[in-house]
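No hydrogens, no waters, no symmetry mates; every other heavy atom, side chains included, goes into these values.
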Amino acid sequence: MSSPHPDRWLRLDGTTNTRDLGGLPTTDGGRTLPVRVLRSDNLQTLSDDDLRRLAELPLRDVIDLRTTAEVLLEGRGPLRSVEGVTHRHLSLLPEKGRHTDVFAVEEDDLPELPADWVETLLPRQTTEADEVEPPAVRAYLGYLHHRPENVLAALRVIAGGEGAAVVHCAAGKDRTGVVVMFTLAAAGVPEEEIVADYALTAEVIEALVAKLRSSPTYAEDMTRRDVASHTPRAETMRRLLEVLHERHGGPLGWLTEHGFGPDEQAALRARLRD
């Protein structure tokens, strides 16, 4: 693992957990390019200065991994009004109902949604093999079981994009962490570096939890659990990678089995390397 870890944080007024996937070493001695892919927590509270800085990158694609209810409850974020930025909604959780374009739906169209928004989520089924895994690993495997098409769709947006893309969910650590893991694996980043990038969110976890507590959408979950339970741990991502190797020959094997083959993997690699 490289040490010291490069400072890849993007210090924005409105986010707590935004960083660039550039500057990471690769197995062939290179490094990932900066300002191609960012990972982040929720983008709802970006300032005017944040918007200016992101426009200068230039930011072109926003990949939103939150559920439909989260998007509607949080409302229109400031980036939704920025010309040239395309938003893609790709939830990694199983949900009731279907919206063809969640970003076209305004908050006022669903006045009763805030009452029981968690009920929009379907029960997450786990396989017998997954039951023995730690809760976080089990959750991540659930994303791959329930919404593999959206994992692949997120990667295809990155691979086919121009300018910068940002991948985010609410905290930018779990759902975002899984998509980023596949992105870095395709770029040839060593697995210990992938693990280190995942665990880096622990540096900002207290501020991140405090931010989410200020939102009615996330306050209950942030309050009923302590900060330690929200903190990402290296062993979680390490175990997820181990399971992928045991069952699929690694992250790239899982991608190939699900229809994201060598050509698309090469295109994804090229976005971060060329």
Side-chain angles (χ1 to χ4, degrees), residues 9-10 12-19 37-47 50 54 61-80 87-95 99 102-103 105 107 110 113-114 116-122 124 135-136 138-140 142-144 146-147 150-151 153-154 157 165-181 183 197-233 236-237:
W9 294 104
L10 185 59
L12 298 174
D13 298 328
T15 65
T16 305
N17 191 23
T18 304
R19 57 187 183 268
V37 185
L38 310 176
R39 58 179 296 167
S40 185
D41 53 320
N42 201 347
L43 304 172
Q44 298 298 125
T45 55
L46 295 174
S47 67
D50 294 337
L54 292 171
D61 291 297
V62 175
I63 301 165
D64 189 340
L65 306 178
R66 296 175 299 163
T67 64
T68 299
E70 287 173 274
V71 173
L72 296 176
L73 283 169
E74 290 290 281
R76 293 181 63 86
L79 271 173
R80 297 262 299 279
H87 286 73
R88 325 288 181 121
H89 177 234
L90 299 167
S91 174
L92 297 192
L93 298 178
E95 300 180 62
H99 292 275
V102 68
F103 295 119
V105 179
E107 310 79 87
L110 292 163
L113 180 61
D116 297 296
W117 74 272
V118 174
E119 294 181 6
T120 64
L121 300 182
L122 294 171
R124 283 179 265 182
R138 197 160 62 237
Y140 298 173
Y143 306 156
L144 305 186
H146 287 290
R147 304 308 294 266
N150 280 356
V151 173
V157 172
V166 60
V167 184
H168 83 95
C169 50
K173 62 186 180 71
D174 299 312
R175 291 169 285 187
T176 298
V178 170
V179 171
V180 166
M181 175 270 291
T183 302
D197 174 72
Y198 167 80
L200 200 57
T201 293
E203 292 188 5
V204 297
I205 195 64
E206 291 189 5
L208 182 57
V209 168
K211 176 195 170 189
L212 292 173
R213 279 180 181 154
S214 69
S215 165
T217 306
Y218 305 111
E220 182 179 352
D221 184 51
M222 294 298 110
T223 301
R224 66 184 171 83
R225 294 166 50 196
D226 61 17
V227 171
S229 69
H230 293 287
T231 303
R233 304 183 186 286
T236 299
M237 182 55 67

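Looking only at side-chain heavy atoms (C-beta outward), Asp64 and His168 come within less than 4.5 Å of each other. Within the 4.5 Å cutoff, side-chain heavy atoms of Asp50 are placed close to those of Ser47.
The main-chain N or O of Leu212 is never found under 3.5 Å from a side-chain atom of Ser215 such that the two would form a donor-acceptor pair. Side chain of Thr176 to main chain of Cys169: a donor-acceptor pair is present (N/O by atom type, distance under 3.5 Å, no hydrogens or angles). A distance-only check finds no donor-acceptor pair linking the side chain of Glu203 to the backbone of Leu200 [under 3.5 Å]. A donor-acceptor distance shorter than 3.5 angstrom exists from the side chain of Asp226 to the backbone of Ser229, with no hydrogens or angles considered. Within the 3.5 Å criterion, the main-chain N or O of Arg66 finds a donor-acceptor partner in the side chain of His89. At least one donor-acceptor pair under 3.5 Å links the side chain of Glu95 to the backbone N or O of Thr68.
For Asp61, the salt bridge (charged side-chain N to carboxylate O under 4.0 Å, His left out) partners are Arg88, not counting sequence neighbours. Annotation: side chain to side chain donor-acceptor pair (under 3.5 Å) contacts of Thr15 (sequence neighbours excluded): Thr18. Judged as a salt bridge (charged side-chain N to carboxylate O under 4.0 Å, His left out), and not counting sequence neighbours, Asp13 has no contacts. Listed by chain and number, the residues in a side chain to side chain contact (heavy atoms under 4.5 Å, CB included) with Glu206 are Val227 (sequence neighbours excluded). Every residue was checked against the salt bridge (charged side-chain N to carboxylate O under 4.0 Å, His left out) condition with Arg233, not counting sequence neighbours, and none meets it. By the side chain to side chain donor-acceptor pair (under 3.5 Å) test, Arg39 is found to be paired with Asp197, residues two or more places apart in sequence or in another chain being considered. Under the ring-ring contact (aromatic ring centres under 6.0 Å, His included) criterion, Tyr140 pairs with Tyr143, not counting sequence neighbours. With sequence neighbours excluded, the residues that form a side chain to side chain donor-acceptor pair (under 3.5 Å) with Asn17 are Arg19, Thr201.
Once rounded to the nearest 0.5 Å, the distance linking NE2 of His230 with CE of Met222 reads 4.0 Å. Atom NE2 of His87 sits about 7.0 Å away from atom CG of Leu43, to the nearest 0.5 Å. Taken to the nearest 0.5 Å, the CZ atom of Arg147 stands 11.0 Å off from the CG atom of Leu65.
The nearest pair of heavy atoms linking Ala202 to Thr231 is CB-CG2, 3.7 Å. Contact detail for Lys211 and Gly14: the closest heavy-atom pair is NZ-O, 3.4 Å. The two residues Asp41 and Ala170 have their closest heavy-atom pair at CB-O, 3.2 Å. Listed here is the closest heavy atom pair of Pro232 and Lys173: CD-CD, 4.2 Å. In terms of heavy atoms, Met237 sits closest to Met181 at SD-CG, 3.7 Å. Minimum heavy-atom separation, Val179 to Ala154: CG1-CB, 4.0 Å.
The residue from Asn42, Leu73, Val71 that alone fulfils the side-chain contact (heavy atoms from CB on, under 4.5 Å) condition with Thr217 is Leu73.
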